[in-house]
Amino acid sequence: MITLTHFMVVSAGLFCIGLFIIVSKKNAIQVLLGIELMLNAAILNMVAFSRYDRVNNGGQMFALFAIVLAAATTAVALAIILNVYRRYKTINPDEINQLKDQ
Amino acid sequence: MNQPLSHTDAQTVTLALIAVLLPFAAFVINFLVLGKSKATGWVSTLAILASAVLGITVFFKVWDKQVMHVQYLWFTIGTTKLYAGVLLNNLSVLLLALVSVIALPVHIYSTAYMNDDEGYGHYFRYLSFFCFSMLALVVVDNLMLFYAFWELVGFSSYLLIGFWFTRDSAVIANKKAFIMNRIGDIGLLTAIIILFTQYHTFDIAALFGSDGLIVRSVITHGEWVGPVGHIPAVWQYVAFGGIFLAVAAKSAQFPLHTWLPDAMEGPTSVSALIHAATMVAAGVFLLGRAYALFTETELTILAFVGCFTAFMAATIALTQNDLKRILAYSTISQLGFMVMAMGVGAYASSLFHLATHAFFKCLLFLVAGIVIHQVKHIKDDNNLDIDPQNILHLGGLRKKLPLTFIAAIIGGLALIGLPLTSGYLSKDGILIQSFEWSEGRNIFFKLVPTFGLLNTWLTAFYVSRLIIKVFFGEFRLQKMNPHIKIHIGDGSWQYKLPLILLAVCCLFPLFSLNPLLYEDAWLFHGFFQINFLVRSNMYHTIIPALVNVLSIGVMYGAWMLYVKRNTWSVPQTGFLFRMSCNEWYIDKFYNRVIVKFVLILSDTLYWFDIKVVDGLVNLIQSIGIAFSKMAAWFDHYIIDGLLNLLAAVVQGIGDFARRFQRGKVQYYLYSMLLALIVVFILKILIWT
Amino acid sequence: MNILTLLIFAPILFGFIILLLPSSWRASFKYITLIATLLQLGISIWIYLNFKTGPTNAGINFVDEFQFVQKLPWIHLDLGSAGSMQIDYFVGIDGISVTLLVMTCLVMVIAAVASWEIKGNLKGFFALFLLLDMAVIGVFCALDFFLFYTFYELMLLPLYFLIGMWGGARREYAAIKFFLYTLFGSVFMLLVMVGLYLSVKDPVTGNHTFNMIYMMDQANYIQGSVFSVLSNATLLGMPARTVGFVVLFIAFAIKVPVVPLHTWLPDAHVEAPTPVSIILAGVLLKIGGYGIIRICMSLFPDVAHSGAFWLGLLGVISILYGAFNALAQRDLKRMIAYSSVSHMGFVLLGLASQTAEGVSGAVMQMVSHGFLSTMLFFLVGVVYNRVHNRDIYNFRGLGTLMPKYTVYIMIAFFASLGLPGFSAFIAEAFSLAGAFKSHSVNGLLPYWMAVCGSVGILLSAAYLLWTLQRMFFGKIALKGGDIWKNALTDLNTRETLTLLPLALMALALGLMPSLVFAKINDSVLALVEFLQIK
């Protein structure tokens, strides 16, 4: 049967992949994808652990909440990226180093 | 320190001083006022005329009467007081009169002889200066002043030898003369210093007087003990050596004689006065002054050196062809004779010969001057390329220059020493006394009188050769160039008068009323040794006879050889001939060995100075620079290097750490992750 | 106002005037300098005429016997229990200094006239010249060791610049060589000076003192101090007094110069401009000799006595070595520089004899050489200015071209080879007489030294006559051809007026040596006596 451990392994794997993408990719959208992956890993964990809270289904609730939030932040982030691209003609986070006040 | 002089004595001394100072006044006037004007000649001549008159006056006042000595404090050095003064004794007044009298005809002669020369003014300036120095030399009373004038006569001789200073041979000759004389000068200076150390005085009268300091000192046990002190005896010998060097240089004795023949580069009138009659006699005069100093051995050395010089010079004179050079060697020979006379104890004879020689040698030089002057006229008139002094071009001049010829005969006969001349009187005295001196000594000592005799015959030969070649036979120059015009003669009265004056002085009456017996000469009575005048042995008769008979024989031989050309002829290739012709190779030896040695030594020392002494300094400099370079390297690479290393390490760490602070999110994340992993690993490791 | 102080500081006043004047007035600088030196000469002659002689004015080791003395406190520091530091401005002269002072002042006038040839940076040149003038006069007058040292070092600075800036092709090398050489000597002198200061107490105030006259009296030495005779202290394993003497001697021997410390001299002379050469040869070398008398021998008479042989030996070596080297030269100025080495050897020989004749001869030689070397260097300068060449081989027959010049050359040459009638003859003869006499008077020098020294006189005749014959006689032949022939004009009035007083001085001293001897005699006798007592 599928135990909690399996969920956690999958979640850890997702997390690691996300983390790797964030650290290594030079593309802001990819980084955003990585963040989504990590977020999903956390959501997966929440869902998995919700088995121990069958009364309130707190885990499920938080998961939904987080998904909504994630969707919102992603939208905002994509908008920023779009603006950044417009301004700098690049979305490589390393090259965007002009955020400080001129 | 003297007893006060009477009025007349003071007058005499003043006269002597004036006689000395007149030529100096002439020198000053010529130098400052007259310049190149012809008046210089007459100023100098008048001055010397007055000097001569005063000199003779003083001579008659002092001769055989009393010694006059006046001195004034010159300066004080330490506790030593130096006096400058005048010492008039028989010796000095004789020379005073002699020098001024001889200088007079030479001055007159020079006014004509130098008339066409552009250095006329210079010439008389120098000549007056010479006369002043020479006259002062004979009267000064103090060795320092003696040395001073001794060198000043050398200096004026230097000026006059190099009178034609654009001629290289003349300036080389005068340099040689001065340096040779310098060798003698340092000898004299050394001797003076030794005497000063021993006796604490420079006063000639106090030192060499008849009861002077030197007479009262003895050499015992290797010490030279005098009345006021003593020094090792060797310094007495050194003092003699010094005086000998001085005499050898000034009077052209072997080994310092080589300058005199070269000194003939000067005007002939100068050669007559300075290099024949007066200055070169100063050496003999010095021997006379310092006579008391010499020991028996030292006198013997003098005798041998004088004899050798006389012989050597006579042999050289046999083959020379230069008119003046023959006379120069003859002068050396006669001076050798005088030195030899001093050595054998013929003190008075030596000075007598000095006096007579001065006249006849001066006369012969003046004759030579006229001949050269006339031949030069011929040369200039006809544009010939000849040496006017070469006797091989001459001959038969007796008809053209009758007075000169007569003068030459008189001078020549006096030089040979035939009766009726003054030379006879003085020369025989020396020979006789040298025989007496060698009496009772071993055979070796007989060499001196024997060579002396031989020498007189050699003299007879070369004088005959000279006179015959110049005045007899036919004029070879004309024979070679038959078309040349010859207008020559004895010249003006300025030439004739000096010749007549001197020729008269070469005859016997001036010195002795008896022409055959030298013992009657008045000059001997002025000097302290008179015992030799007794005709005690056969020498007094035999020697004059022997000398004269053989001399006449030699002269006849020369006549036959050179005029008749019908007897034997001399081989001109033999070793002896070459030796004589090359002047015994002495000059060559000096040039090749001594001069070269000195030059090499000086070059070596200069090399040493540059390479070693200065090299050492430069080495120290290089070492210093090397050290400083090393220090600079050390400073740069080691001390500064350490600091730089520290800085580099810090910078490296900073650089490393900076990489984490680039403001890049990913890096921050990365490093957080890394840190986390490290913490976990550590935790795991610590747990296990 | 003390006359000596005036004499010392007059030039520096004129120097200030020159510094304050605008550079556009540069034509007047040489006249200002000339006026300064002439003023000095006037003062020095006044001093000479008013200088009192007699045994009570001998000087040497008695403070009261010095003349024209001025003593002012200069640096006085109270050091509490360690006593107080006492440095005085203390000047005064005795017989030894007075003749040298007059000689120096005359040489300075000549040098000022010779400075006419200087073309560049006149303000600097004349200001340094006058500074140098002050320093050398100061050295001859100072009686306080510290003051002496100050003046002594003060001389170096202007000389360094004078050679280094206005000199010939290799001037920097020569200037640095000269500077380092002399500094090398004087730095160690400083150590000895401090040692002496710590060893000596002023008998009046009880303080340590730099007073040289007090240093001569053994009673003033503190017991057990390093330079006291009684304490027998050692330095580096040698007796301290010997070390002190040797150090001081080296310092002054460099100045004299004594072989083998002479090699700065030819370079410095050859590169220096004429006026500086004149000062170097005429005055600087005498400071060496003066220092040996006033300081080395007077402060360490015992060592001077025991080491006299070595001093004499060095003197003889200098005479002969310098003469041989002069014989090997072809540069006229270098030859004269080496002849200076030779002639100054007589000074050392005379001093080493420690007899009245020898010391008098040595002082006379210093005065005489002052005039003669000035004349010689001036004469070399004349030819060099005309054609910028000094090689003896490049000239011939100058006697025809420049008759007046040749007359002066002959006077200078014959005077310096010791022709009687000129000063050098008296000087050299008595140096040698003193050296010879020494053995029988005080047993210091062997007899042969004087004899060897006299050979130097012969050699000097050789090189000077060779030069005369080579350069001045014979037919005219010049390396530069007609250009040189036109450039080599005879002496002009200024040059004649410069040379004439020198020639006359040399002649006057030769004929009347008492001009010098009368003034120095008492001092020399006192010095000889002082040296004998030890």
Side-chain angles (χ1 to χ4, degrees), chain B residues 73-80 82 144-145 147-152 155 158 162 165-168 170-172 174-175 178-179 182-183 185-187 189-190 192-194 196-198 200 229-232 234-235 238 598-599 601-610 612-614 616-617 621, chain C residues 177 180-181 259-260 262-264 321 323-329 355-357 359-361 397 399-400 414 417-421 425 429-430 432-434 436-437 439-440 447 450-451 454-455 457-459 461-463 465-466 468-469 472-476 512-514 517-518 521 524-525 528:
Chain B
L73 183 64
W74 185 19
F75 62 90
T76 309
I77 180 166
T79 49
T80 312
L82 250 92
M144 264 298 158
L145 282 174
Y147 177 85
F149 288 110
W150 179 266
E151 222 180 288
L152 285 181
F155 173 64
Y158 170 86
F165 64 84
T166 46
R167 279 191 206 165
D168 278 335
V171 290
I172 289 172
N174 76 348
K175 178 184 68 174
F178 197 86
I179 290 175
R182 247 310 149 98
I183 298 175
D185 292 344
I186 63 169
L189 186 64
T190 309
I192 291 174
I193 288 173
I194 291 170
F196 172 65
T197 304
Q198 170 79 325
H200 303 178
H230 60 92
I231 55 174
V234 64
W235 294 102
V238 174
V598 170
L599 290 181
L601 182 65
S602 73
D603 282 338
T604 316
L605 278 179
Y606 183 50
W607 176 88
F608 180 81
D609 197 58
I610 291 291
V612 181
V613 181
D614 209 24
L616 209 65
V617 175
Q621 175 206 0
Chain C
K177 193 168 178 180
L180 289 182
Y181 242 114
V259 174
H262 65 285
T263 54
W264 64 269
Y321 187 86
F324 273 114
N325 270 300
L327 202 53
Q329 302 307 317
T355 53
E357 285 83 3
V359 176
S360 302
T400 323
F414 276 95
L417 65 78
L419 189 75
F425 160 67
F430 280 100
L432 292 173
F436 193 84
K437 202 182 172 193
H439 192 274
S440 32
Y447 290 121
V451 180
S454 67
V455 176
I457 298 183
L458 171 66
L459 290 171
Y463 59 75
L465 290 189
W466 174 76
L468 263 187
Q469 177 233 319
F472 294 91
F473 299 146
K475 295 208 164 48
I476 300 175
M512 294 178 286
S514 48
F517 288 145
N521 211 13
V524 167
L525 285 174
V528 170

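All chains are named by letter (A, B, ...) in the order of the sequence lines, taking the proteins before the strands, and each is independently numbered beginning at 1.
With respect to chain C, the highest number of heavy-atom pairs below 4.5 Å among B:L616, B:T190, B:V171, B:L599 belongs to B:V171. Considering only heavy-atom pairs separated by less than 4.5 Å from chain C, the leading option among B:D603, B:V238, B:V598, B:I194 is B:I194. The greatest number of non-hydrogen atom pairs below 4.5 Å with chain C, out of B:F155, B:F608, B:F196, is found for B:F155. For the set C:V524, C:I476, C:L432, the entry with the most heavy-atom pairs within less than 4.5 Å of chain B is C:L432. Interface remark: of the candidates C:Y321, C:Y463, C:F472, C:Y321 forms the most heavy-atom pairs closer than 4.5 Å to chain B. Per-residue heavy-atom pair counts under 4.5 Å with chain B were compared for C:G434, C:S514, C:G474, C:G397, and the maximum is reached by C:G474. Across C:F436, C:F430, C:F517, the residue that shares the most heavy-atom pairs under 4.5 angstrom with chain B is C:F436. Taking C:V259, C:V359, C:N521, C:I457 one by one and counting their heavy-atom pairs under 4.5 Å with chain B, the maximum is reached by C:N521.
Residues satisfying the side-chain hydrogen bond (donor to acceptor under 3.5 Å, both in side chains) test with B:Y606, not counting sequence neighbours, are C:Q329, C:R334. Residues passing the ring-ring contact (aromatic ring centres under 6.0 Å, His included) test with C:W466 are C:Y393, sequence neighbours excluded.
Interface residue C:T400: backbone and side-chain heavy atoms are both found under 4.5 Å from chain B. For B:I610, the part lying under 4.5 angstrom from a heavy atom of chain C is the side chain only. Of the two parts of B:T76, the backbone and the side chain both hold a non-hydrogen atom closer than 4.5 Å to a non-hydrogen atom of chain C. Using a 4.5 Å cut-off between heavy atoms, B:V612 does not touch chain C at all. Using a 4.5 Å cut-off between heavy atoms, C:H262 contacts chain B through its side chain alone, with no backbone atom that close. With a threshold of 4.5 angstrom between heavy atoms, B:L605 approaches chain C through its backbone and through its side chain. Using a 4.5 Å cut-off between heavy atoms, B:L82 contacts chain C through its side chain alone, with no backbone atom that close. For a residue to count as touching a neighbouring chain, one of its non-hydrogen atoms must lie under 4.5 Å from one of that chain's; by this rule B:W235 touches chain C with the side chain only.
Distance check, rounded to the nearest 0.5 Å: OG1 of C:T355 to CD1 of B:I77 gives 8.5 Å. Within the model, atoms CD1 of B:I179 and CG of C:L417 stand 9.5 Å from one another, a figure rounded to the nearest 0.5 Å. If you take CD on B:Q621 and NZ on C:K177, they are separated by 8.0 Å, rounding to the nearest 0.5 Å. Here the CG atom belonging to B:D185 is positioned 11.0 Å from the OG atom belonging to C:S454, to the nearest 0.5 angstrom. Put simply, CZ on B:F75 and CE on C:M512 are 12.5 Å apart, with the number rounded to the nearest 0.5 Å.
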Is there a side chain to side chain contact (heavy atoms under 4.5 Å, CB included) between C:L419 and B:E151 once you walk through the steps? CA-CA 7 Å; C:L419 189 75; B:E151 222 180 288; 3.9 Å; yes
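Using a 30° and 60° split on the angle between ring planes, C:F473 and B:F165 fall in the tilted class, from 30° to 60°.
Heavy-atom minimum distance, C:A429 versus B:I193: O-CD1, 4.1 Å. B:G78 and C:A356 make their closest contact through CA-CB, 3.4 Å (heavy atoms, listed as atom of the first residue, atom of the second, distance).
For an aromatic pair to be called close, the ring centres must be under 6.0 Å apart, and B:Y147 with C:F425 satisfies this. For C:F414 and B:F178, the distance between ring centers is under 6.0 angstrom.
Here the side chain of B:R182 pairs no donor or acceptor atom with the backbone of C:A462 at under 3.5 angstrom.
At least one side-chain heavy atom of B:V617 sits less than 4.5 Å from a side-chain heavy atom of C:Y181. B:T604 places none of its side-chain heavy atoms less than 4.5 Å from the side chain of C:F324.
Partner of C:E357 under the side-chain hydrogen bond (donor to acceptor under 3.5 Å, both in side chains) criterion, chosen from B:T197, B:T80, B:T79: B:T80.
Counted within 6.0 Å of NE2 on B:H230, heavy atoms from surrounding residues, nucleotides or ligands total 12 or fewer; the atom is thus considered open.
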